[in-house]
Amino acid sequence: MAIYCTGQGTDGVWHDLPAPVFLQYKMQLFNPAAAITMRFAGIPYPDPITHMIVSLGGKSIIYAAVDTVRQTCSGESGVVTTLTGRDYVAAGMPDNEVKPGYRFQFSRDQMLAAHAAPYGASGDSLPPGQINYVIFTRLMTHFDAVALYCQQTYGSTHVFMDRDHRLRTEPFLPTVRHFSPDGEYPYREAELSYHRNRAYSRLYIETAQGEYENEYGEISDNPIAADYRITREAYYTASQKWRRAPDLGAAHLIAQSKRDIKRVTLTLPGAHIFEAGERATLSDPRLGKMDSLYIYEYRLNIDDKGAETIVTLCEQAYV
């Protein structure tokens, strides 16, 4: 697939950039900002580049704000310029903090107007709702604020953003990708892994603070811990933002710890365009058949040796 890049400098002018000698694109479901790294031979633009648009095979994959520009000089390779950037809209929300404090009778439309729309994200598909109060704490970003609102108002596990910057509470997209060694998306390597050291089996939830010790009168269990014979217990004290619902905060910590306990990593030759959150199935004569997976992470690497696509699949039930 042909790569087409345009860049904007500090002068505000857009110019075509040469084809990069290396490109890496990465998208992860629980990180709203897709990231890209590109290397160019020489200096592709005289001024520092602030924004870039990258298309692959005629399809735009990212409009990025450039985070870093590095120009490295050596006797062997001359000048090499490396650009790293993140999705322009999705990076704006995590890069900017909200004013700490309480929000009372806070509605979906108020939340979107304050924390999503100013950065270019839309949330029309989010259900109407209103919360009596929500607490935004120090160092929380606008994306954190949207996620917390959705978790405490709708009971969702997180908030997710697709490539077109639409917010949703449902983790999975309708598209289904079918992976097999000789199917539509053949792969040259597959790895099945289990990460038993990340999931909590039980959290003891603080219910009162005493003079000499605190009380932990409630528990939150991980329903899949027994399946993997995991014993990993901890004591949970709700942070300020979860003070209104400490049991919900503990449940979200349990959910976060188990989401990638089982992983399938596939390496596909060539460049394929996927999206984190797409549903997936796997049919492999060695690893078996798995029908309820989703794309947890998607990476695309292109250099002078060719292109490869790496997808990490996880279990839908563990989100």
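In what follows, every heavy atom counts, from backbone to side chain, and hydrogens, waters and symmetry copies are set aside.
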Is Tyr204 close to Ile219 at the side-chain level, that is, under 4.5 Å between some pair of heavy atoms?
yes
Pairwise distance CD1(Ile310) to CD(Glu189) - rounded to 0.5 angstrom
8.5 Å
Donor on one side chain, acceptor on other, Asp16 and Tyr4, under 3.5 Å
yes
Can you check salt bridge (charged side-chain N to carboxylate O under 4.0 Å, His left out) on Lys305 and Asp303, steps first, answer last?
CA-CA 5 Å; Lys305 297 179 183 178; Asp303 59 19; 5.9 Å; no
Kindly indicate whether a cation-pi arrangement holds for Arg244 with Tyr133, taking the cut-offs as under 6.0 Å to the six-membered ring centre and within 45° of the axis.
yes
Hey, does Met93 have a side-chain heavy atom less than 4.5 Å from the side chain of Met161?
yes
Name the orientation class of the two ring planes belonging to Phe274 and Phe179 (parallel below 30°, tilted from 30 to 60°, perpendicular beyond 60°).
perpendicular
Using the ring centroid of each side chain, check whether Phe143 and Tyr119 are separated by less than 6.0 Å.
no
Ring centroid separation Phe106 to Phe104 under 6.0 Å:
no
Residue pair Gln24 / Ile36, side-chain heavy-atom distance below 4.5 Å
no
Do Leu293 and Val311 sit in the same hydrophobic cluster, where Ile, Leu, Val, Met, Phe, Trp and Tyr count as joined when their side-chain heavy atoms come under 4.5 Å apart?
yes
Output the distance between atom OG (Ser60) and atom CZ (Arg163), rounded to the nearest 0.5 Å.
9.0 Å
Among residues at least two apart in sequence or on other chains, which ones pass salt bridge (charged side-chain N to carboxylate O under 4.0 Å, His left out) with Arg198?
Asp260
Among Ile61, Thr6, Leu17, find the residue that satisfies the side chain to side chain contact (heavy atoms under 4.5 Å, CB included) test when tested with Val54.
Ile61
Determine whether a donor-acceptor pair (N or O, by modelled atom type, separation under 3.5 Å) exists between the side chain of Gln152 and the backbone of Trp242.
no
Do any N or O atoms from the side chain of Ser220 and from the backbone of Leu203 form a donor-acceptor pair under 3.5 angstrom?
no
Check whether Thr169 reaches the backbone of Ser156 with its side chain - one donor and one acceptor, N or O, closer than 3.5 Å.
no
Under 3.5 Å donor-acceptor, Asp11 side chain and Val13 backbone:
yes
If we only count heavy atoms from C-beta on, is the His252 to Gln151 side-chain gap below 4.5 Å?
yes
Are the side chain of Asn222 and the backbone of Ile224 linked by a donor-acceptor contact shorter than 3.5 Å?
yes
Donor-acceptor check, side chain of Arg279 to backbone of Leu173, threshold 3.5 angstrom: yes or no?
yes
Got Leu112 and Val146 here, is their nearest side-chain heavy-atom distance under 4.5 Å?
no
Is Arg259 positioned over the aromatic face of Phe30, cation under 6.0 angstrom from the ring centre and no more than 45 degrees off axis?
yes
Is the ring centre of His165 less than 6.0 Å from the ring centre of Tyr63?
no
Please tell me if the side chains of Thr237 and Tyr216 come closer than 4.5 Å, counting only heavy atoms from C-beta onward.
yes
Mind running side-chain hydrogen bond (donor to acceptor under 3.5 Å, both in side chains) on Gln209 and Asn214 for me, showing each step along the way?
CA-CA 4 Å; Gln209 294 184 350; Asn214 299 336; 5.2 Å; no
In terms of hydrophobic clustering (I, L, V, M, F, W, Y; side-chain heavy atoms under 4.5 Å; direct or indirect links), are Val176 and Ile295 co-clustered?
no
Please assess Asp95 against Arg86 for the test salt bridge (charged side-chain N to carboxylate O under 4.0 Å, His left out), listing each intermediate value before the final yes or no.
CA-CA 11 Å; Asp95 278 357; Arg86 291 168 298 149; 2.6 Å; yes
Is there a salt bridge (charged side-chain N to carboxylate O under 4.0 Å, His left out) between Glu308 and Arg188 once you walk through the steps?
CA-CA 10 Å; Glu308 69 174 10; Arg188 64 167 177 255; 2.5 Å; yes
Please assess Cys150 against Leu126 for the test side-chain contact (heavy atoms from CB on, under 4.5 Å), listing each intermediate value before the final yes or no.
CA-CA 9 Å; Cys150 292; Leu126 297 179; 4.2 Å; yes
Rounded to the nearest 0.5 Å, what separates atom OG1 in Thr153 from atom CD1 in Ile131?
4.0 Å
I'd like to know if Val66 and Met38 are part of one continuous hydrophobic network [Ile/Leu/Val/Met/Phe/Trp/Tyr, side-chain heavy atoms within less than 4.5 Å].
yes
Will you find, in the side chains of Glu206 and Tyr236, an N or O donor that is under 3.5 Å from an N or O acceptor?
no
Examine the side chains of Tyr25 and Arg299 and answer whether a donor and an acceptor come within less than 3.5 Å of each other.
no
Parallel, tilted or perpendicular for Tyr228 and Tyr318, by the 30°/60° rule?
perpendicular
Would Ile49 end up clustered with Ile53 when hydrophobic side chains under 4.5 Å apart are linked, directly or stepwise?
no
Okay, side chain of Ser180, backbone of Gly183: is any donor-acceptor separation there less than 3.5 Å?
yes
Only one of Thr84, Thr37, Thr82, Leu83 clears side chain to side chain contact (heavy atoms under 4.5 Å, CB included) with Thr68; which?
Thr84
Kindly indicate, with the supporting measurements, whether the criterion side-chain hydrogen bond (donor to acceptor under 3.5 Å, both in side chains) is fulfilled by Thr10 and Thr50.
CA-CA 6 Å; Thr10 54; Thr50 61; over 6 Å; no
Can any side-chain N or O of Thr312 pair as donor or acceptor with the backbone N or O of Val264 at less than 3.5 Å?
no
Do any N or O atoms from the side chain of Arg196 and from the backbone of Ala199 form a donor-acceptor pair under 3.5 angstrom?
no
Measure the CE-CG distance between Met111 and Leu148 for me, rounded to the nearest 0.5 Å.
10.5 Å
Is a side-chain donor or acceptor of Tyr194 paired with a backbone partner of Ile261 at a separation under 3.5 angstrom?
no
Taken to the nearest 0.5 Å, the spacing of Asp162 CG from Glu275 CD works out to 5.5 Å
Within the structure provided, determine whether Val80 and Gln71 are in side-chain contact (heavy-atom separation under 4.5 Å).
no
Kindly compute the distance separating OG (Ser201) from CD1 (Ile254), expressed to the nearest 0.5 Å.
7.5 Å
Heavy-atom neighbours of Gln105 CD exceed 12 at 6.0 Å:
yes
Determine whether the aromatic ring centres of residues Phe40 and Phe22 are separated by less than 6.0 angstrom.
no
Ring pair (Phe, Tyr, Trp, His ring centres under 6.0 Å) against Phe172, all qualifying residues, sequence neighbours excluded
Tyr294
Does Asp144 reach the side chain of Val98, with side-chain heavy atoms less than 4.5 Å apart?
no
Please give me the minimum heavy-atom distance between Ala307 and Ala271, naming the atom from each residue.
CB-N, 3.8 Å
Whether His51 and Tyr88 hold their rings parallel, tilted or perpendicular, with breakpoints at 30° and 60°
perpendicular
Angle class for the Tyr45/His15 ring planes (parallel below 30°, perpendicular above 60°, tilted otherwise)?
tilted
Please determine whether side-chain hydrogen bond (donor to acceptor under 3.5 Å, both in side chains) holds for the pair Ser193 and His195, giving the CA-CA distance in whole Å, both sets of side-chain angles, and the decisive distance to 0.1 Å.
CA-CA 7 Å; Ser193 60; His195 302 269; 3.2 Å; yes
